[in-house]
Amino acid sequence: MADLINAVISEWRDHLAHDRRRSEHTVRAYIATAERLSDFLAGHWGEAPTSAALLGISQNDLRAFLASRRGDGLANRSTARELSAIRAFLGYIAQSLDRDDYVPPAMRGPRIKRSLPRPVSPGQALALADEIAGRDGPAWVQARDWAVLLLLYGCGLRISEATGLTGDILPLGDVLRITGKGNKQRIVPILPAVRDAIATYAELCPYPPSRGEALFRGARGGPLSPALIRRAVQSARHALGLPDSATPHALRHSFATHLLAGGADLRSLQELLGHASLSSTQIYTEVNAAHLLDVYENAHPRA
């Protein structure tokens, strides 16, 4: 029985990756949830679950599983993601068994306190880039790191999008075509400073960029790991005395917040960020409101 459910999970992995075009991170997380649920139910029910048996899972079974996960220290946000993955898995099984009448057990997820993005100021963003680019090392590595960070702040790219660029973008024009989450494509303009930084890196890099190959390279010539940029930013923010919230992704938040403060409309910002839903973009209006309130409370004589 265990082999049968493992086969179903493997088929779901292929479905998520190829049919639904989910990101590698999402596929990995969803599959891990399905495997955990299967292992839990094998002990909870006394036997490995089948596909048909999984569709008979009850509210009590789900509560027991989530309780076990909370016992492992799972936070509310992660618990909600776990429940979402389970619903998607059960929906896939129902579809594969032609159970159009299937209704998953009603289960309300935990309340999640909505947290606001924490952008850095323009000065802090450039200070981070300067600190990283000014470290000892080969000139091409300094130019690489400078270019990557300018892409995050100047174009609003996710770090995986920046490190995933290939030599196909050269020679640079006025825009970049970016493939983001869910293989959703968007067009972003390139600021002259970003264009110059990429061109300088490409000229200095000892591994000539070629079509289909990673643009940004590691010291040994392989694709640049996002983890390397994260560690570099972590070291730079400590050196500059910046808060832990000054991460590579905070530069993307800063891109959005500063554009909005400069008068950009939400729909345009949504396109630039590659958000599937406008609600994801609207959160930046709350960031601006929160910033204005801070300024008021710190500066107004009667605050």
Side-chain angles (χ1 to χ4, degrees), residues 1-112 114 158 160-161 164 177-186 270-271 273-283:
M1 290 297 185
D3 290 340
L4 290 177
I5 196 61
N6 287 339
V8 172
I9 293 174
S10 180
E11 291 169 1
W12 190 44
R13 177 189 288 110
D14 293 338
H15 172 72
L16 289 170
H18 303 302
D19 299 334
R20 299 299 301 278
R21 296 185 177 183
R22 298 298 189 187
S23 70
E24 181 180 343
H25 173 77
T26 298
V27 173
R28 186 167 56 248
Y30 273 33
I31 293 304
T33 295
E35 291 173 341
R36 282 192 291 266
L37 179 65
S38 176
D39 291 343
F40 172 81
L41 292 177
H44 190 60
W45 289 347
E47 59 182 359
T50 62
S51 294
L54 276 169
L55 295 187
I57 193 170
S58 67
Q59 278 188 349
N60 288 337
D61 294 327
L62 279 180
R63 287 194 184 98
F65 171 70
L66 293 177
S68 72
R69 295 290 291 134
R70 295 301 289 265
D72 295 334
L74 207 65
N76 281 358
R77 190 175 297 275
S78 298
T79 301
R81 282 198 296 263
E82 197 94 331
L83 186 56
S84 177
I86 291 171
R87 289 191 182 112
F89 183 43
L90 295 177
Y92 170 76
I93 293 174
Q95 184 180 27
S96 66
L97 296 178
D98 294 324
R99 286 284 306 278
D100 296 334
D101 61 335
Y102 175 71
V103 178
M107 186 81 181
R108 181 177 295 177
R111 290 189 176 184
I112 300 172
R114 192 179 188 187
R158 301 176 178 93
S160 59
E161 294 170 346
R177 183 180 295 276
I178 302 299
T179 301
K181 289 184 176 180
N183 281 341
K184 179 180 173 64
Q185 291 197 335
R186 69 186 190 275
Q270 178 189 3
E271 289 295 323
L273 293 172
H275 285 161
S277 170
L278 185 62
S279 63
S280 299
T281 313
Q282 286 174 325
I283 194 170

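Quick caveat, the model's predicted, so the values are computed rather than measured.
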Residues passing the salt bridge (Lys or Arg N to Asp or Glu O under 4.0 Å) test with D101, sequence neighbours excluded, are R99
- Can you tell me if CZ on R177 sees more than 12 non-hydrogen neighbours from other groups inside 6.0 Å? no
Sorted by chain and residue number, the side chain to side chain donor-acceptor pair (under 3.5 Å) partners of S51 (sequence neighbours excluded) come out as none
Interatomic distance, CD@E35 vs OH@Y30, rounded to 0.5 Å, equals 15.0 Å
For residues 54-69, the salt bridge (charged side-chain N to carboxylate O under 4.0 Å, His left out) pairs (sequence neighbours left out) are R69-D72, R69-E82
Output for pair (L55 CG, I93 CD1), nearest 0.5 Å, gives 6.0 Å
Which side-chain N or O atoms in residues 12-19 pair as donor and acceptor under 3.5 Å with protein atoms at least two apart or in another chain?
| from | atom 1 | to | atom 2 | distance (Å) |
| --- | --- | --- | --- | --- |
| H15 | ND1 | D19 | OD2 | 3.1 |

*Decide yes or no on side-chain contact (heavy atoms from CB on, under 4.5 Å) for L54 and L41, but give the supporting numbers first.*
CA-CA 9 Å; L54 276 169; L41 292 177; 3.4 Å; yes
All heavy atoms of Y102 vs all of L90, minimum pair found to be OH-CD1, 3.6 Å
The reported gap from CD1 in I5 to OG in S10 (rounded to nearest 0.5 angstrom) is 11.5 Å
Across all chains, not counting sequence neighbours, the ring pair (Phe, Tyr, Trp, His ring centres under 6.0 Å) partners of F40 are H44, F65
(message) The test is side-chain contact (heavy atoms from CB on, under 4.5 Å); show your working for F89 and V8 and say whether it passes.
(response) CA-CA 10 Å; F89 183 43; V8 172; 4.2 Å; yes
Between L62 and P105 the two heavy atoms that sit nearest each other are CD1-CG, 3.6 Å
message = Do Y92 and E11 make a side-chain contact, defined as non-hydrogen atoms from C-beta onward lying under 4.5 Å apart?
response = yes
Across all chains, not counting sequence neighbours, the side chain to side chain donor-acceptor pair (under 3.5 Å) partners of T179 are Q185
Here the pair of heavy atoms bringing A42 nearest to P49 is N-CD, 4.1 Å
